[in-house]
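Beneath this line is the structure, given in structure tokens, with notes to follow.
In what follows, chains carry the letters A, B, and so on, assigned in the order in which the sequence lines appear, proteins first and then strands, with residues in each chain numbered from 1. All of these numbers come straight from a predicted model, not from anything done at the bench.
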Number of protein chains: 2
Amino acid sequence: MAGRVTITDVAAHAGVAISSVSSALNGRPGVSEQTRQKIVEAARELGFVPSVRGKSLAGKKTFAVGLVVHRDPDVLELDPFFGAFINGIESWIDERDFALVLQTSPDAAGTLERYRRLAAGRRVDGVFLNEIEIDDPRVELVRDLGLPAVGINPDAGFPLPSVRQDHRAGIEQLVAHLVELGHRSIGFVGGPDRFIHSRQREAAWRDSLATHGLEPGPVVQGSFTYEGGIEAATTMLAARARPTAVMCANDLSAMGFMAQAQHLGYDVPGDLSVSGYDGIQLGEYLRPALTTIQTQPRKTGCEAGRILLELIDGLPAADVDIAPAALVVRSSTGPARPVG
Amino acid sequence: MAGRVTITDVAAHAGVAISSVSSALNGRPGVSEQTRQKIVEAARELGFVPSVRGKSLAGKKTFAVGLVVHRDPDVLELDPFFGAFINGIESWIDERDFALVLQTSPDAAGTLERYRRLAAGRRVDGVFLNEIEIDDPRVELVRDLGLPAVGINPDAGFPLPSVRQDHRAGIEQLVAHLVELGHRSIGFVGGPDRFIHSRQREAAWRDSLATHGLEPGPVVQGSFTYEGGIEAATTMLAARARPTAVMCANDLSAMGFMAQAQHLGYDVPGDLSVSGYDGIQLGEYLRPALTTIQTQPRKTGCEAGRILLELIDGLPAADVDIAPAALVVRSSTGPARPVG
DNA sequence: TTGAAAGCGATACCAA
DNA sequence: TTGGTATCGCTTTCAA
């Protein structure tokens, strides 16, 4: 029974009061170096690990943070993004003895309810707000609840502390890359319009084209899914004036788009250049390997964890900008060939 | 401040003792119907939600269960399987006010350490043991720790309560399907040898072939990843005697395998039939759509959650078998054509 | 510097 | 049927 050792046992074993044990083990002042040594030794011998239960009641913290992932009931497959993002969160919080409570919710209403219950039961000390939507109701919710929260890649002016990774630079690089390859008609497969990051990426695409004096190519709204990419390709490539290059709002939809384009008989990148956004591992192994914009989900998660813990400690947390997502050129983009 | 109401407030508001509030709200006997009404009403008015903190200290439970996902540091993309599995767990535990603590660990040693710390800090009341390996050290660990645990798809004779979904039936159906299509040389792309489910699937493949009087085709060990599928295809299709059909141990590797086969100029299923295992959503949209064996990760998660909660309550939990994974024929398998 | 004691928010036992 | 109280394991305040 490795875990049954309590602070009382340690105190008894070291011959001191439990308050001294608490102080010593938490690095607080008011304990002589000698006593501290003794206590640390006793704790080590006994294999003492403080109970989160006790700490949380006394400390008014739960030592847990929450993330609610909202996914369509039919597509409960997690976006490849999440693995690294979650790992990033943990890389920071674990060392500080926090744990991540993960919930999945099939619908929007359920998502709000999840956040509400996490807060109501004082189950978590703070939450991450990912995949932020326009007028996201979670913002008001966490405000009402007084729940510390960190936004992931929100718009400028987002009212909560946030972690952002610039998307504009990478998209500008990508457009420049395509323009240099001779592309003049560059289409876009977006994500659902309600997401901030959908809009951001589309706006950056549009602006970058303008910089090069180009009109926006065709736009199709996808869904950040493989299936959405397939549908987008079907739609976009059926149109009379098809583009010579298509930028997709994420890798998963780019994969679907590319697969469908190939299925329809287009050579990628010969007939059509295709790019993604995210930089998931899978893209590297596709045929052709996917040109994309490499994001840092692990880093993003790590910074988000850091900020959230600061907020929980009542510290003033400043927004964090991590290094801009950058273009990774692989083989799915190539020289433009006149549309035949 | 929706969450700041404590049991004391409710007791005061209802003019009763906190012990009565506790009894009434937890549906325990010893409270008159009239008093119960009064208390319920007071709780409702005040918006009382019991604090998990308090409950956990007093009740000697944390109301949380843990899952550690072990992934290669370079591939922190979660297997599509996990989304539905996690959702299944939650579908059961949420209603019972349990939460899921998710951790990711890049290496095996770290995984053990995660479990150990979850237990030591009494952070969770029980854990799920997924992707079980031969002589899995976690088994001994949870035994030593006295930590309730549920195995996911272990071998027969696994010493802990488990949830299993039969794999043999589906694989037999698949082999029968291929044999009927005229295939006589059926290869296999396995998962890492240390996993129980890798071995199970390979054994079932081998046995099913024997049933049909067939020799096992070529075997390549993959890694359950897309990349592994690519490598497997490269290896297997370079051999002089290539099979006419290949069964992959999961969908992700089947996707990689198929992509690489196509890249190498093979038509699927014309030249080569390819199948997966899992039944992830993505497979449906591939070109050709992936023939696979449909598992029930959500159901598996749900049942695992149910059993684990029973164990935590000290109830004797029996193993659960959910309906066998069944063959789903799509377009990646077709009539055998003599190897040219 | 040290130790005793008061919470934290529930549950559960035991008198009344 | 009630209500008082000990208890869980820790943090924190306050005397000694």
What are the two closest non-hydrogen atoms of B:G110 and B:S105, and how far apart are they?
C-OG, 3.3 Å
Within less than 4.0 Å of OP1 or OP2 of C:dT2, is there a side-chain N or O belonging to A:T35?
yes
Between C1' of C:dT2 and CZ of A:R36, the distance in whole Å:
13 Å
Could you encode protein contacts along nucleotides 8-16 of chain D as a string, one character per nucleotide from 5' to 3', using B for base contact, S for sugar-phosphate-only contact and - for no contact, with a heavy-atom cut-off of under 4.0 Å?
BBBBB----
Is there a donor-acceptor contact under 3.5 Å linking the side chains of B:S162 and B:D319?
no
Mind calculating the distance between CD (B:Q37) and P (D:dT1) to the nearest angstrom?
15 Å
So, does B:R117 use its side chain to make a donor-acceptor pair with the main chain of B:Y115 at under 3.5 Å?
no
B:I39 CD1 - C:dT11 P separation (whole Å)
12 Å
How many Å lie between CG on B:L25 and P on C:dT11, as a whole number?
8 Å
With rounding to the nearest 0.5 angstrom, report the OG1 to CZ distance, B:T104 to A:R298.
8.0 Å
Under the rule for side chain to side chain donor-acceptor pair (under 3.5 Å), what residues qualify as partners of A:K61, not counting sequence neighbours?
A:D313
Distance check, rounded to the nearest 0.5 Å: A:E77 atom CD versus A:F82 atom CZ?
13.5 Å
To the nearest Å, how far apart are B:D9 CG and C:dC8 C1'?
13 Å
